[in-house]
> 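Below is a structure I'd like to ask you about.
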Number of protein chains: 2
Amino acid sequence: MPKKRVLVPFKTGSHDHDRCIDLALAEAESACRKQHLRFTELRRRVLELVWSRHIPMKAYDILDELCRDGRAAAPPTVYRALDFLLTAGLVHRIESLNAYVGCGGPGKPHIGQFLICRQCNAVAEIDAPAITQALTQDAKRLGFRADTQTIEIKGLCSECNVSA
Amino acid sequence: MPKKRVLVPFKTGSHDHDRCIDLALAEAESACRKQHLRFTELRRRVLELVWSRHIPMKAYDILDELCRDGRAAAPPTVYRALDFLLTAGLVHRIESLNAYVGCGGPGKPHIGQFLICRQCNAVAEIDAPAITQALTQDAKRLGFRADTQTIEIKGLCSECNVSA
DNA sequence: ATCGTGTTTGTTATAATATAATGTCTTTGG
DNA sequence: CCAAAGACATTATATTATAACAAACACGAT
């Protein structure tokens, strides 16, 4: 079984976040080229906005930013771009927040598990195949064929834990 | 470690569903009495509607039913009742569907994991402490103190699997 | 019993999230 | 270059959820 990995660690502290963004955009560019998907200016910008912090971004916040860019933008503008990014495996949707985060392991298909800090909203993405498989197995025992998993854990990240 | 349990099995086939409802209402009644919570007529009716099928119910569908009852009802009517039932541990919210299902193990605190059929929408609730604990443990290794978990698996239930 | 207090419900309004439908423009492959 | 498909713009509307305040009700203390 593949080993557990931390796909996106908590990054609440200061770090060179421009590098995170640049890396994500470069990976996206390359992933899209490989799959013959069009990584348009709009999609690139939306992905950049999703990655603008290590916290989930809401669709309407992204919309506001696009408008601030001076771009003609309405809800469908954002939702279409997000759909594309979701389908391309470049972002994940956090169901319990109606919000979106950048995917930490684009290219390699995986089922992400998310840790979400109640306090600072920081999100970490991990990939624990043992859990994925255990769930799939448990489901199978009930005759259920699992195809997608939504796993979102809320709590306090290490920094907020200390300060709480 | 407590053993894995099926709290609510798939019940797509025919069964005496009135018994499911009656049982759920009786358990709710008793749980509320124990905790000195008011199980009002409205709350009882909303719980009954949540349990009306083994599929997730949406807030506005519940609202429609309340109106059909002839009751004065508006969105807050439903959301307040649902909040109460959620807090009392009598229903669960399915985040990925914005919908609600009856809790299969009220009284005993637990973290439910949900299996949701894409085809017929049937939902089963299981309680697999091994998974809950593995996730809590993985989180802990990142300094994250988990307090709630959202686990929702989509796929095909046994019946839909056969007919698909 | 009844008064005061906190809880529950009613009511109106509005916020937040998401999609439908249609037309135009752009890209791409032939 | 042209045709077809894909991407984007635009308008309207559907869906989900909460804020704010008033009225009704339930319960304990007297």
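Protein chains get the first letters and strands the later ones, always in sequence-line order, with residue 1 at the start of each. These numbers come from the heavy atoms of this one structure, side chains and all, not from hydrogens, waters or symmetry mates. A quick note: this is a predicted structure, and the numbers were derived from the prediction, not measured.
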> Using a cut-off of strictly less than 4.0 Å between a heavy atom of the residue and any atom of DNA chain C, enumerate the qualifying residues of residues 52-76 of chain B by number.
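The stretch gives B/A72, B/A74, B/P76 as the residues lying under 4.0 Å from the strand, ordered by number.
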> Apply the hydrophobic cluster definition, ILVMFWY joined by side-chain contacts under 4.5 Å directly or through others, and give me every member besides B/I55.
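Under the 4.5 Å side-chain rule, B/I55 groups with nothing.
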> Please enumerate all residues that pass side chain to side chain contact (heavy atoms under 4.5 Å, CB included) together with B/V8, with sequence neighbours excluded.
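B/V8: side chain to side chain contact (heavy atoms under 4.5 Å, CB included) contacts with B/W51, B/H54, B/E125.
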> Return the set of residues passing ring pair (Phe, Tyr, Trp, His ring centres under 6.0 Å) with B/F10 (not counting sequence neighbours), or none when no residue passes.
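If we apply the ring pair (Phe, Tyr, Trp, His ring centres under 6.0 Å) test to B/F10, skipping adjacent residues, the hits are A/F144.
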> Taking atom C1' of D/dA7 as reference, at what distance in whole Å does atom CZ of A/R44 sit?
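Taking atom C1' of D/dA7 as the reference, CZ of A/R44 is at 17 Å.
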> Can you name the ring pair (Phe, Tyr, Trp, His ring centres under 6.0 Å) partners of B/Y100, sequence neighbours left out?
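B/Y100 satisfies ring pair (Phe, Tyr, Trp, His ring centres under 6.0 Å) with no residue once adjacent residues are dropped.
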> Check this one for me: any side-chain N or O of B/R93 less than 4.0 Å away from OP1 or OP2 of D/dA17?
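Yes, because at least one side-chain N or O of B/R93 sits under 4.0 Å from OP1 or OP2 of D/dA17.
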> Expressed in angstrom and rounded to an integer, what is the separation of A/I94 atom CD1 from C/dT17 atom P?
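Distance check: A/I94 CD1 to C/dT17 P gives 15 Å.
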> To the nearest Å, how far apart are B/L42 CG and C/dG10 C1'?
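Atom CG in B/L42 sits about 11 Å away from atom C1' in C/dG10.
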> May I ask you to verify if any side-chain N or O of A/R80 is less than 4.0 angstrom from the OP1 or OP2 atom of D/dG6?
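So the side-chain polar atoms of A/R80 never come under 4.0 Å of the phosphate oxygens OP1 or OP2 of D/dG6.
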> Residues two or more places apart in sequence or in another chain: which of them pass side chain to side chain contact (heavy atoms under 4.5 Å, CB included) with B/E27?
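Here the qualifying residues are B/L23, B/P106.
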> Over how many whole Å does the gap from A/L97 atom CG to C/dA16 atom C1' extend?
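Answer to the nearest Å: 14 Å.
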> We want to know whether B/S52 and B/E65 form a side-chain donor-acceptor pair, criterion being a heavy-atom distance below 3.5 angstrom.
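No.
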> Which salt bridge (charged side-chain N to carboxylate O under 4.0 Å, His left out) pairs, counting each pair once, include a residue from residues 38-60 of chain B, with sequence neighbours left out?
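Sorted pair list: B/E29-B/R44, B/R45-B/E48, B/R45-B/D69.
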> May I have the distance from A/R43 (atom CZ) to D/dG6 (atom P), rounded to whole angstrom?
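Spelled out: CZ on A/R43 to P on D/dG6 is 11 Å.
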> Hey, does the side chain of B/N98 come within less than 4.0 Å of D/dA17's phosphate (OP1/OP2), counting only N and O?
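Yes.
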> Quick check on the helix from C/dA1-D/dT30 to C/dG30-D/dC1: what's the angle between its two end axes, five base pairs per end, to the nearest 10°?
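Here the helix ends are tilted 30° relative to one another.
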> Is A/Y79 near enough to D/dA9 that one of its side-chain N or O atoms lies under 4.0 angstrom from OP1 or OP2?
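So the side-chain polar atoms of A/Y79 never come under 4.0 Å of the phosphate oxygens OP1 or OP2 of D/dA9.
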> Apart from B/I116 itself, what residues make up its hydrophobic cluster, given side-chain heavy atom links below 4.5 Å?
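Taking Ile, Leu, Val, Met, Phe, Trp and Tyr as members, B/I116 shares its hydrophobic cluster with B/I94, B/L97, B/V101, B/F114, B/V123.
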> Who are the side-chain hydrogen bond (donor to acceptor under 3.5 Å, both in side chains) partners of A/T148, not counting sequence neighbours?
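With neighbours one apart ignored, the set is B/R118.
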> Could I get the full list of side-chain hydrogen bond (donor to acceptor under 3.5 Å, both in side chains) partners for A/D138, not counting sequence neighbours?
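Testing A/D138 for side-chain hydrogen bond (donor to acceptor under 3.5 Å, both in side chains), a comparison that skips the adjacent residues, returns A/R141, B/K4.
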> Does the salt bridge (charged side-chain N to carboxylate O under 4.0 Å, His left out) test come out yes or no for B/E95 and B/R93, once each step is laid out?
CA-CA 6 Å; B/E95 297 290 350; B/R93 177 176 158 85; 3.1 Å; yes
> Which residues, if any, of residues 29-41 of chain B bring a heavy atom under 4.0 Å of DNA chain C?
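Listed by number, they are B/R38, B/T40.
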